[in-house]
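I'd like to ask some things about the structure below.
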Amino acid sequence: MIEFKNVSKAFGDRQILKGVSLTVDAGKVLFVIGKSGAGKSVLTKHVVGLVRPDSGAVLFDGVDVSSWTEEQFYPLRKRCTMVLQHSTLFDSMTIVENVALPIRKHRQLGWNAALETATSYLNDVGMAEYAKRMPDTLGDGLRKRIAIARALALQPQCVIFDEPTTGLDPQSAIQVDGLIRSLADRFSVTCIVVSHDLRSIFSIADRVVMLYQGQVLLDGPADVFRRSEHPVVKQFMSGVPDGPMEL
Amino acid sequence: MSAQTRVFLGNMAFVIKKMMGRKKTDRASRLRFWSALNDVGINSVFFIVITLGFVGTIMMLHGGYQAARIIGDSNLVGPQILPLMIRQLGPTLAGLMVATRVGTGMAARIGSMVVTEQVDALRLSNACPVNYLITPSWHAALVMVPILSIFGITAAFFSGMLTAYVVFETAPGVYADWSFVSGLDAVEALIKSISFGAVIPLIAGTCGLSTHGGSAGVGRATTNAVVLSSLAVIILDFFIGALILGLR
């Protein structure tokens with residue numbers, strides 16, 4: 001469904017990705033892991049056109065999207081959406097307006113019709129009580145859940161989650177993990193999860209890809225990752241500061 | 001040309017292209033425009049009236065003192081400063097005040113939305129960040145900067161008149177001698193204020209969208225916005241003024 005072919009990306013002098021090649025299977029949960037600054041978010045943002053590769057290709061359903069214009073990405077972003085790291089709710093809008101905005105823009109609905117759809121969606125996911133609140137009155141956990149609800153309101157085929165459990169309490173993190181797993185199992189939604197959370201990786205990942213120094217260091221099921229003898233992988237797992245991994 | 005300048009100019013070309021494209025007007029976009037009118041206009045009125053009011057007083061006070069000292073008559077000062085207020089100080093100071101108050105606010109707001117990925121979230125929602133964040137302020141500034149200039153000129157006129165009466169005992173009728181004011185002064189003021197209204201949101205919005213590097217980046221974007229838009233106001237002021245002087 002999604003394929004990265006030899007993707008390279010640099011910001012100024014800093015080379016983030018160095019020829020990453022990777023195929024993402026439809027309806028599965030793929031975790032992209034690596035130390036901070038390894039290029040996990042940059043890699044996944046290529047899929048929805050938030051970042052364009054310097055070289056290489058990104059294929060979505062076999063179509064090369066790497067040189068698409070912003071307008072060409074509009075329909076793709078309905079099929080494949082992203083929950084960004086900072087639970088990016090718009091500060092100037094109420095919760096229901098936040099959820100209504102992509103519904104209105106992607107489905108070309110009027111504002112009132114989009115608000116109605118968003119309200120019913122918030123009702124379905126048990127968050128209707130927050131509909132009229134402003135984002136700054138909610139905690140990080142709730143904001144993150146609403147950002148996820150906003151992405152799912154488009155009923156996408158693929159969702160990219162950028163550190164979905166970071167900053168959440170353990171119960172909320174387990175709920176988010178369960179939601180991601182059920183999206184793949186019940187609705188065959190392809191889920192790409194950028195995360196450092198080992199508990200999430202071992203509980204819901206179908207496959208793990210580890211990025212290191214701009215390249216794929218490891219690619220396989222969670223068990224392969226767990227049993228890896230590679231010193232960098234072992235250091236990442238153990239979390240100790242001393243080791244071969246460049247910090 | 002540095003890489004940063006190239007990126008900024010590229011972003012500005014992108015912003016202009018997006019703003020010139022055809023847009024659908026709906027209730028939401030009208031609401032954003034009204035909100036921007038309020039932000040650019042209503043919230044700036046007090047600031048501009050106070051500033052220009054003091055400028056009118058200062059000009060009359062110092063102009064009157066100098067005139068009394070040199071030619072022994074301060075009555076000529078009012079008719080001399082009126083055209084200057086209309087074509088020069090009113091629009092330019094209103095433009096600089098809008099650049100300071102609205103430009104910095106815009107750059108900080110958009111810049112913080114960039115670093116917290118809210119702009120990416122807008123793009124994912126199929127909402128064009130330029131149309132969403134810059135165009136309403138641009139339209140509002142086109143309308144409001146001329147209106148704010150009129151408010152500023154009026155405040156400067158009356159404060160100057162009061163100063164002339166209280167300090168120099170100049171009769172209001174003598175102060176308000178319009179014989180030196182021509183229609184071209186009003187045209188110049190209008191052209192300048194519309195031009196300032198066009199460039200300030202454009203520069204501030206581009207600075208905001210060009211933000212990178214966290215909160216330090218937001219600080220840099222805000223500083224750049226006020227410096228560049230103030231410079232643009234002064235440079236436009238010179239060129240428009242010189243062009244119209246050539247027509248006189």
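To find a chain, count down the sequence lines: A is the first, B the second, and so on, and within it residues start at 1. Just so it is clear, the structure is predicted and the values come from calculations on it, not from any experiment.
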Checklist entry - Is it the side chain or the backbone of B:Tyr132 that comes within 4.5 Å of chain A heavy atoms, both, or neither? => result side chain

Item to check | side-chain hydrogen bond (donor to acceptor under 3.5 Å, both in side chains) contacts in which one or both residues fall within residues 191-200 of chain B, not counting sequence neighbours | outcome: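 Checked against side-chain hydrogen bond (donor to acceptor under 3.5 Å, both in side chains) - neighbours excluded - the pairs reaching residues 191-200 of chain B are B:Gln88-B:Lys192, B:Glu188-B:Lys192, B:Lys192-B:Asp237.
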
Checklist entry - Taking only heavy atoms into account, what residues of residues 108-119 of chain B are found under 4.5 Å from chain A? => result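 The residues closer than 4.5 Å to chain A, in numerical order, are B:Met113, B:Val115, B:Thr116, B:Glu117, B:Gln118.
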
Checklist entry - Which answer fits A:Asn112, side chain, backbone, both or neither, if we ask what part of it has an atom under 4.5 Å from a heavy atom of chain B? => result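 For A:Asn112, the contact with chain B is made by the side chain alone.
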
Checklist entry - If you count heavy-atom pairs under 4.5 Å between each of A:Thr81, A:Val83, A:Leu154, A:Asp91 and chain B, which one has the most? => result A:Asp91

Next on the checklist: Between B:Asp39 and B:Arg32 (salt bridge meaning N to carboxylate O under 4.0 Å), is one present in this structure?
Outcome noted: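 Here B:Asp39 does not pair with B:Arg32 in a salt bridge, since their nearest N and O are not under 4.0 Å apart.
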
Checklist entry - Taking atom types as modelled, is there a side-chain donor on A:Ser66 or A:Asp64 under 3.5 Å from an acceptor on the other? => result yes

Next on the checklist: For B:Phe151, I'd like to know if atom CZ has over 12 heavy atoms of other residues, nucleotides or ligands within 6.0 Å.
Outcome noted: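 Counting neighbours around CZ of B:Phe151, 12 or fewer heavy atoms of other residues, nucleotides or ligands fall under 6.0 Å, so no.
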
Item to check | Sole residue of A:Lys144, A:Arg150, A:Glu97 in side-chain contact (heavy atoms from CB on, under 4.5 Å) with A:Leu89 | outcome: A:Arg150

Next on the checklist: Does this structure show an ion pair linking A:Glu70 with A:Arg77, if we count only N-O contacts that are shorter than 4.0 Å?
Outcome noted: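 Yes, A:Glu70 and A:Arg77 are salt-bridged.
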
Checklist entry - Distance under 6.0 Å and angle within 45° of the ring axis: does A:Lys78 meet both against A:Tyr74? => result no

